[in-house]
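Accompanying notes for the structure given below.
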Amino acid sequence: MSDTQDEDRLQLIRETAYGLWEQEGYPEGREHEFWLRAEKIVDGEAEVDAESADSFPASDAPSFNP
């Protein structure tokens, strides 16, 4: 992966983790959990049900429901 791709990936993970954190009500002390969840989403490792995936535009990451 090039440096630009790495930076883009990290930015997408950062934005996704922030969105997850917002959805959970801004809890403190769980930054690592949100980062790991966001990595799975960005890297396509998270399981997303078809209904959830269809409800988001292509530019938005789907929410993760463990």
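The figures that follow rest on heavy atoms only: side chains count, while hydrogens, waters and symmetry mates do not.
- For the salt bridge (Lys or Arg N to Asp or Glu O under 4.0 Å) test, residues two or more places apart in sequence or in another chain that qualify with Glu33 are Arg30, Arg37.
- Distance check, rounded to the nearest 0.5 Å: OH of Tyr26 to OH of Tyr18 gives 5.5 Å.
- Residues Arg9 and Glu39 are in side-chain contact: their nearest non-hydrogen atoms beyond the backbone lie under 4.5 Å apart.
- Once rounded to the nearest 0.5 Å, the distance linking CD1 of Ile13 with CG of Asp8 reads 11.0 Å.
- Residues Phe34 and Glu24 have side chains in contact (heavy-atom distance under 4.5 Å, counting atoms from C-beta outward).
- Nearest heavy atom pair, residue Ala17 against residue Ala38, reads N-CB, 3.4 Å.
- Residues meeting the side chain to side chain donor-acceptor pair (under 3.5 Å) test with Gln11, sequence neighbours left out: Arg14, Glu15.
- Between atom CG of residue Leu36 and atom CD1 of residue Ile41 there is a gap of 11.0 Å, rounded to the nearest 0.5 Å.
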